[in-house]
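What follows is a short report on a single structure.
All ligand and atom numbering here is 1-based and tracks the order in the structure. None of these values were measured; they are calculated from a predicted model.
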Amino acid sequence: MQTTKIRAAITAVGGYVPETVLSNKDLEKLVDTNDEWIISRTGIRERRILREPGKATSDMAVKAVENLLEKRGISADEIDLLIVCTVTPDLIFPATANLVTHKLGTSKPWGFDLAAACSSFLYGLQVGAQFIQSGTHKKVVVCGVDKMSAIVDYTDRNTCIIFGDGGGCVLLEPTEEDNGIMDAILCSDGAGAEFLHQKAGGSLKPPTHETIDAREHFVYQEGKTVFKFATTNMADVSKKIMDRNELGSDDVSWLIPHQANKRIIDYTAEIMGLPEDKILMNIERYGNTTSGTLPLLLWDYEKELNKGDNLILATFGGGFTWGSMYIRWAYNS
Ligand code: COA
């Protein structure tokens, strides 16, 4: 007897970005930089910042999930599991997932946070998919949200030009059709930790007056080294997943790449043999929202995606962490 394979399919997308815009011109007033340099070296024109006092990552996740629930026509009580992918949790504990479900007015889903820097959302999708494929869960929400402005040093021109706030989420449901999450390659190498990290605030270096004076609670990045690894690894892993699934460049409908730097994205697309019109990009408007970039792309471009389209998601981030995922899109919006 042949059993039908159950796959996890994305069946709805939600998103949220804060209203406040921080443009390159605004940054010129904070650090020694200029609009032309930022656009030509990164592709970023502006980013969104969550300015309201008392608002955090959970508040953006709640808005994104509410958006998703409304579009799918279901209530928060119908979610079985909620995974919040983030490097900027509201608190060290409890998990942001607990705060999000509470703010959604439910205690039905269980949930947890997942941190893998800019690869968090891709890792989260793969984790969420296992619960669907095993048949134990019917509705899994995976959020990718970050309030990077909480850990960005606005006196450091190497990092403050890059990051922004925002994020999105997807609903995973079982399908017996030949679509959904088809394959994933996820990688990590802790040798890269020294090039992109936050020095203090964890158990290694708890907060002290000294760590604050030394500005160690912010993102630290050796840009050139990260750029080199990001370019090579994101391109390699994207090509690898194409080859493993016997996809030629004509078979790929869309590249959905992490939005860290337009130059990294262009190189990845070149190695994959993809023309510019197959690359989804919104780095110009949001910058790098870390865990938020991939769901924000799905949210922004949802209407362009058609059932049966072959999507390659690709990412690279601190850790180092990186990976790619092959998704056959499951619905027309
Ligand atoms: N404005 C103006 N000049 C700047 C600047 C800024 N914001 N930041 C750096 N510069 C200067 C440097 O001081 C340097 O000047 P010098 O040549 O006189 O020493 C020059 O610009 C080139 O600096 P460099 O660091 O080589 O720039 P770059 O082309 O590598 O771009 C990054 C810097 C950060 C944009 C780029 O390295 C990058 O995108 N790295 C990877 C980011 C990433 O992917 N991060 C997250 C992974 S998820």
Side-chain angles (χ1 to χ4, degrees), residues 22-47 85-88 114-124 144-149 151-167 186-198 218-238 256-269 281-284 286-297 313-324:
L22 184 68
S23 68
N24 292 348
K25 288 275 171 209
D26 295 327
L27 285 169
E28 286 178 9
K29 294 173 203 148
L30 300 176
V31 290
D32 180 16
T33 190
N34 60 78
D35 183 41
E36 199 276 325
W37 191 95
I38 302 175
I39 291 175
S40 64
R41 303 311 291 164
T42 69
I44 304 168
R45 274 179 207 281
E46 58 185 42
R47 59 293 288 143
C85 307
T86 188
V87 293
T88 51
L114 190 157
C118 294
S119 305
S120 301
F121 181 74
L122 207 65
Y123 276 35
V145 189
D146 267 302
K147 183 185 170 184
M148 293 306 291
S149 61
I151 57 166
V152 162
D153 182 352
Y154 288 97
T155 67
D156 174 14
R157 71 176 182 172
N158 292 308
T159 50
C160 74
I161 56 151
I162 297 171
F163 295 101
D165 300 342
L186 300 174
C187 314
S188 87
D189 181 358
E194 63 180 291
F195 306 115
L196 179 53
H197 60 269
Q198 184 178 318
F218 295 118
V219 175
Y220 168 83
Q221 173 174 260
E222 289 180 27
K224 256 195 217 311
T225 309
V226 175
F227 184 88
K228 207 173 69 190
F229 278 98
T231 309
T232 320
N233 287 330
M234 206 163 98
D236 279 358
V237 80
S238 305
I256 305 199
H258 174 52
Q259 307 285 292
N261 188 314
K262 186 174 180 301
R263 290 182 290 146
I264 299 173
I265 297 168
D266 289 344
Y267 180 75
T268 301
M281 245 190 283
N282 56 15
I283 190 170
E284 194 174 340
Y286 305 143
N288 180 352
T289 52
T290 303
S291 316
T293 59
L294 298 183
L296 275 177
L297 281 172
L313 280 61
T315 192
F316 184 87
F320 291 135
T321 54
W322 68 102
S324 61

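- Within the listing of ligand 1, atoms 48 (S) sit less than 4.0 angstrom from a heavy atom of G317.
- Among protein heavy atoms, the minimum distance from atom 8 (N) of ligand 1 is reached at W37 CH2, 3.4 Å.
- At least one side-chain heavy atom of L27 sits less than 4.5 Å from a side-chain heavy atom of L30.
- Ranking the protein heavy atoms by distance from atom 11 (C) of ligand 1 puts R157 NH2, 3.6 Å first.
- Ligand-side atoms of ligand 1 in range of G223: 37 (O), 40 (N), 41 (C), range being under 4.0 angstrom from any heavy atom.
- Heavy-atom proximity to I161, at under 4.0 Å, picks out these atoms of ligand 1: 7 (N).
- Side chain of N34 to backbone of W37: a donor-acceptor contact under 3.5 angstrom is found.
- When side chains are defined from C-beta on, I39 does not count as touching K262, because their heavy atoms never get closer than 4.5 Å.
- For atom 17 (O) of ligand 1, no protein non-hydrogen atom is found at a distance below 4.0 Å.
- Ligand 1 has no nitrogen or oxygen under 3.5 angstrom from a nitrogen or oxygen of N288.
- For ligand 1, the polar-atom distance check against T33 finds a nitrogen or oxygen pair separated by under 3.5 Å.
- Near H258, with a cut-off below 4.0 Å to any heavy atom, the atoms of ligand 1 are 48 (S).
- Here F227 has heavy atoms under 4.0 Å from ligand 1 in both its backbone and its side chain.
- The distance criterion of under 3.5 Å between nitrogen or oxygen atoms is met by N261 with respect to ligand 1.
- With a 4.5 Å cut-off on side-chain heavy atoms, Q221 and N158 do not count as touching.
- Counting heavy atoms from C-beta on, the side chains of L297 and P257 come closer than 4.5 Å.
- At the top of the distance list for atom 44 (O) of ligand 1, counting protein heavy atoms only, stands A260 CB, 3.3 Å.
- The presence of a protein heavy atom under 4.0 Å from atom 21 (O) of ligand 1 is confirmed.
- A distance of 11.5 Å separates OG1 of T33 from CZ of R41, quoted to the nearest 0.5 Å.
- For atom 30 (O) of ligand 1, the closest non-hydrogen atom on the protein side is K224 CG, 4.0 Å.
- Per-atom contact check: atom 2 (C) of ligand 1 touches the protein, criterion being a heavy-atom distance below 4.0 Å.
- For ligand 1 and R41, the ligand atoms under 4.0 Å from any heavy atom of the residue are 29 (O).
- In summary, the atoms of ligand 1 found under 4.0 Å from a heavy atom of I162, numbered by their order in the structure, are 34 (C).
- Close contacts of ligand 1 with T42, meaning ligand atoms under 4.0 Å from a residue heavy atom, involve 35 (C).
- Taking every non-hydrogen atom of C118 and a distance limit under 4.0 Å, the qualifying atoms of ligand 1 come out as 48 (S).
- Distance screen at 4.0 Å: atom 14 (C) of ligand 1 has no protein heavy-atom neighbour inside the cut-off.
- Of the protein's heavy atoms, at least one falls inside 4.0 Å of atom 48 (S) of ligand 1.
- With contacts defined as side-chain heavy-atom distances shorter than 4.5 Å, the pair V219/F163 qualifies.
- Atom CG of N288 is separated from atom OG1 of T42 by 10.0 Å, given to the nearest 0.5 angstrom.
- Taking CD1 of I265 as the start and CE of M281 as the end, the distance is 5.0 Å to the nearest 0.5 Å.
- Checking atom 24 (P) of ligand 1 against the protein gives a heavy-atom contact under 4.0 Å.
- Using 4.0 Å as the threshold, T159 has no heavy atom nearer than that to any atom of ligand 1.
- A donor-acceptor pair under 3.5 Å links the side-chain atoms of R47 to the main chain of I161, judged by distance alone.
- Closest non-hydrogen pair, F121 versus S291, comes out as CB-O, 3.5 Å.
- For F316, no nitrogen or oxygen atom sits less than 3.5 Å from a nitrogen or oxygen atom of ligand 1, counting backbone and side chain alike.
- Two residues are said to be in side-chain contact when any heavy atoms from C-beta on lie closer than 4.5 Å; T289 and K147 fail this criterion.
- Below 30°, between 30° and 60°, or above 60°: for F320 and F195 the angle between ring planes is below 30°, a parallel geometry.
- In this structure, the side chains of F316 and T231 stay at 4.5 Å or more apart for every pair of heavy atoms.
- Checking atom 27 (O) of ligand 1 against the protein gives a heavy-atom contact under 4.0 Å.
- Using a 4.5 Å heavy-atom threshold, the side chains of C187 and V237 count as touching.
- Across the listed options Q221, R263, M234, Q221 owns the non-hydrogen atom lying nearest to atom 46 (C) of ligand 1.
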